[in-house]
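These notes concern the structure reproduced below.
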Amino acid sequence: MDEINFSLTDILVKEQVFNWVKEQATVGLLITDDSLIVTFVNNWLFKNCPNKKECIGQHLFEIFPEIKEKNIDNNYRLALTGVPSILSNKLHKYLIKIPYQDYENRVQFMQQSVKISPLIQENKIVGTVTLIEDVTDRVLRESELNKLITQLYQTKNLIEESEEKFRTLAENIPDTIVRIAKNFKYTYVNKESLAYGKLKRENFIGKTIEELNFLPQDVIDKCNKSINEAFEFSKSSTFQYSLFLEGKKRYYEIRYIPEKSSRNNEVISVLAINREITEFVEINNKLKNYAAELEKLNNTKNKFFSILAHDLRSPFFPLLNISDFLVEDFDSLSNDEIKKEVKDLNILIHNLYTLVENLLSWAQFEKGAISFFPSSINLTNEIESIINLYYKTAEAKNVKIINKISEDITFEADLNLFKTLLRNLISNAIKFTPGKKSIYINALKFENYFELIVKDEGIGMDDKVKNSLFNLSEVQSTRGTEGEKGTGLGLILCKEIVEKHKGELKVESEIGNGTTIICKFPYNQ
Amino acid sequence: MILTNEQKDSITELINISFSRAAASLSELTGHRVLLSVPEIEVHSIDNIESVLNKYIQGEISTVHQIFNGTISGDALLLMDKQSAKFLADLLVDDISISKDFNSSIKEVIIEVGNILLNACLGVFGNLLKVQFTFSVPNLHLQTLEEMLKSIILEKEELRYAMIVFMEFKLRDSNIKGYLVIVLGVTSLDKFLKQVENIG
């Protein structure tokens with residue numbers, strides 16, 4: 001009973017499958033007997049070939065002559081010997097002609113893949129079974145996909161070509177060029193970068209600037225800041241830095257350029273271009289120095305002419321006046337009067353001589369032509385000789401010069417220059433010290449240097465005058481307590497002499513409280 | 001198992017004749033001149049087949065597989081490395097695409113070409129053994145050699161041998177290598193070789 005039930009179930013299932021294949025299947029099913037007479041076609045075929053409705057009982061090749069025309073009849077003969085065939089769409093297009101209109105209303109034929117198999121019943125071949133699959137949509141999709149892939153490959157080729165051009169350019173310019181990814185690692189370095197970093201390409205790629213460790217930390221920090229700004233704010237930036245390489249200071253300029261995606265404008269990498277600008281910086285520095293030098297020379301020249309025009313000319317007026325007076329009134333003058341005029345004449349000539357002397361010394365300093373021959377000098381001896389020289393001038397003004405130097409100091413200096421310095425310091429002090437006052441000269445010893453101090457009890461200076469003492473364009477001549485004239489050049493000359501000896505000159509002064517000049521000298525040059 | 005020189009010559013000649021017919025079919029079908037080189041034949045135990053083929057073909061391979069049944073039964077396989085299979089299909093259909101992957105149409109072409117070659121080869125067997133086979137519809141597998149062989153050997157207890165036919169397609173200035181493998185039980189192979197000797 002069970003066996004009967006099972007058979008009935010089996011029959012029912014088979015019937016259902018058959019009905020589904022006949023009515024619902026989305027593939028064509030065509031069955032022939034062993035004489036290739038059509039015995040069954042499903043609805044798919046009727047639907048697609050409405051003019052072939054009377055095909056049952058007809059010979060396959062008569063209903064579908066295209067099978068023979070396309071030499072597919074042989075596949076049916078093979079099927080009748082037990083050999084199945086696959087007819088691929090690419091090689092055969094279709095088994096039977098089923099026309100359709102495409103979206104541009106052109107008549108096309110349905111693209112088909114076909115399986116032709118023997119129909120076997122009880123181990124005997126009793127006919128053929130043909131399965132026809134409509135692959136038109138698939139073929140169109142494949143065709144579109146192929147076009148897309150071709151376009152993508154063309155784009156890829158263009159990108160590769162463009163990349164190649166970039167590489168050719170990048171590899172042949174003298175700048176270092178690197179590409180940095182979002183994780184701050186190098187993805188490309190050009191040939192010049194390898195020489196700069198003294199590294200192989202494989203040591204560069206995939207590393208960060210810190211990992212490479214060939215730049216100082218402050219430069220690395222600046223680089224990382226620039227890279228970050230390029231990624232975060234799409235900002236280009238440039239900065240300069242310097243390195244000591246092979247015993248020479250070299251200057252570089254590095255530029256960070258964000259590279260954006262053409263798709264969403266997002267910064268995908270950063271290009272860093274590093275250029276050595278040592279030559280440029282050196283030339284620029286030279287130009288700056290030349291400009292400063294020229295400006296200084298120009299100021300010097302202006303001052304020089306101003307001194308020539310005023311200070312050198314002016315002293316001649318009293319000289320002329322006195323000499324004219326003596327020539328015209330000599331006979332009527334008493335001996336005392338003549339003596340007084342000659343004495344004035346003598347003072348004026350001395351002043352004029354000092355002026356010319358200082359002017360020439362200063363001019364030689366400015367030219368850099370001054371001779372400098374340091375030798376061992378005893379300070380006390382030299383101070384004494386200069387004090388003796390100015391003793392009478394000081395006495396005439398009733399000014400005392402008090403030498404307070406107790407230390408025995410010997411040091412190296414150019415004797416002529418040092419004497420010029422002392423002359424100027426003492427004559428200046430006398431000039432600005434009124435009668436009944438004193439000038440003190442002292443020296444303080446320190447370990448590596450000593451200080452020579454010249455202090456007067458003169459009229460002193462306010463801050464404005466003090467600040468302009470060494471500015472050539474502002475320096476003003478100030479008359480002495482008895483109207484002595486000067487050029488303002490003396491103190492500038494003193495400063496230059498002290499600096500020539502690698503020392504320092506300081507001025508301390510207050511109105512009414514006198515002036516102190518401190519010259520700091522090292523013992524050895 | 002080593003074939004005698006006479007057996008080898010006889011089988012080579014027979015397969016060569018069938019290959020010529022298959023090449024003519026392919027030429028007619030595709031419109032391109034297709035030649036199949038004179039094949040070389042070896043017989044190995046199924047256990048050794050992997051090491052033998054591994055010398056020639058590695059990585060992902062394309063296999064057209066047909067099972068045949070009748071008085072004797074076995075597996076017929078056409079093996080090519082994946083890229084060669086794709087290249088062969090491209091050359092045959094005159095549509096060389098840049099993509100390295102198979103699409104459904106390319107798979108069908110490879111199955112049809114495999115079907116033609118396997119039928120030609122098995123036709124020789126049928127004629128020699130004077131038996132009729134029925135064949136399964138061919139399938140295409142894309143997998144490694146090891147995986148493919150596992151699926152063939154699975155659950156087969158009889159000592160089995162594989163006849164390897166080394167072949168080469170020559171078309172449009174290109175040579176593409178393929179390997180045709182017929183896996184038979186020892187009884188069928190013995191019967192086949194005796195028939196070959198009778199012809200010789």
Side-chain angles (χ1 to χ4, degrees), chain A residues 70-72 74-75 77-95 111-126 128-157, chain B residues 21-22 24-32 34 64-71 76 88-123 125-127 131-140:
Chain A
K70 291 170 67 118
N71 295 329
I72 297 170
N74 204 34
N75 295 71
R77 288 190 194 98
L78 272 173
L80 289 173
T81 66
V83 180
S85 307
I86 295 262
L87 304 182
S88 66
N89 159 263
K90 281 267 180 183
L91 293 172
H92 303 272
K93 306 293 181 202
Y94 56 85
L95 175 75
Q111 303 290 303
Q112 299 160 4
S113 290
V114 178
K115 288 185 179 75
I116 302 167
S117 301
L119 179 64
I120 300 167
Q121 238 175 17
E122 292 168 359
N123 289 331
K124 275 190 172 178
I125 298 164
V126 295
T128 66
V129 180
T130 306
L131 272 173
I132 305 166
E133 189 186 351
D134 177 2
V135 293
T136 311
D137 280 350
R138 189 192 81 196
V139 169
L140 289 173
R141 281 201 305 275
E142 282 175 354
S143 167
E144 287 301 312
L145 195 63
N146 268 346
K147 274 187 206 163
L148 196 66
I149 290 170
T150 308
Q151 279 174 359
L152 282 173
Y153 271 89
Q154 282 170 347
T155 309
K156 182 176 165 261
N157 288 342
Chain B
R21 286 184 199 142
S25 304
L26 284 173
S27 299
E28 195 182 343
L29 193 60
T30 61
H32 296 296
V34 182
V64 180
H65 180 200
Q66 263 186 293
I67 299 164
F68 54 95
N69 286 301
T71 314
L88 174 67
D90 283 347
L91 290 175
L92 288 170
V93 301
D94 225 353
D95 180 19
I96 297 175
S97 70
I98 299 159
S99 167
K100 288 177 182 170
D101 283 323
F102 286 18
N103 59 29
S104 299
S105 295
I106 291 296
K107 283 179 187 167
E108 280 176 7
V109 172
I110 294 164
I111 295 172
E112 184 168 355
V113 172
N115 191 203
I116 292 167
L117 288 167
L118 293 171
N119 287 347
C121 201
L122 289 169
F125 277 50
N127 289 340
V131 292
Q132 197 176 25
F133 303 125
T134 54
F135 299 86
S136 69
V137 176
N139 284 313
L140 179 76

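So that the names make sense, note that chain A is the first sequence line, chain B the second, and so on, each numbered from 1. These numbers come from the heavy atoms of this one structure, side chains and all, not from hydrogens, waters or symmetry mates. Keep in mind it's a predicted model, so treat the numbers as computed, not measured.
Residues A:N71 and B:E28 share a closest heavy-atom pair of ND2-OE2, 3.0 Å. B:S136 approaches A:P84 most closely through the heavy-atom pair O-CG, 3.3 Å. The two residues A:K90 and B:V93 have their closest heavy-atom pair at CB-CG1, 3.7 Å.
Going from atom CG of A:L78 over to atom CG of B:N119 covers 6.5 Å, rounded to the nearest 0.5 Å. For the atom pair A:S113 OG and B:E112 CD, the distance stands at 9.5 Å (nearest 0.5 Å). To the nearest 0.5 angstrom, B:N115 atom CG is 11.0 Å from A:K115 atom NZ. Here the straight-line distance linking atom CG of A:L87 with atom CD1 of B:I111 works out to 12.0 Å at 0.5 Å rounding. Distance OG1/B:T134 to CG/A:N123: 7.5 Å, rounded to 0.5 Å. A:L91 CG to B:I116 CD1: the interatomic distance, rounded to the nearest 0.5 Å, is 7.5 Å.
Contacts of B:S25 with chain A are absent, with no heavy-atom separation under 4.5 Å from either backbone or side chain. Contacts between A:S117 and chain B at a heavy-atom distance below 4.5 Å involve the side chain alone, from C-beta outward. Only the side chain of A:N146 comes within contact range of chain B, judged by heavy atoms closer than 4.5 Å. For chain B, the nearby part of A:I125 is the side chain; its heavy atoms alone come within less than 4.5 Å.
With hydrogens and angles disregarded, a donor-acceptor distance shorter than 3.5 Å links the side chain of A:E142 to the backbone of B:S105.
Looking only at side-chain heavy atoms (C-beta outward), A:I86 and B:P138 come within less than 4.5 Å of each other.
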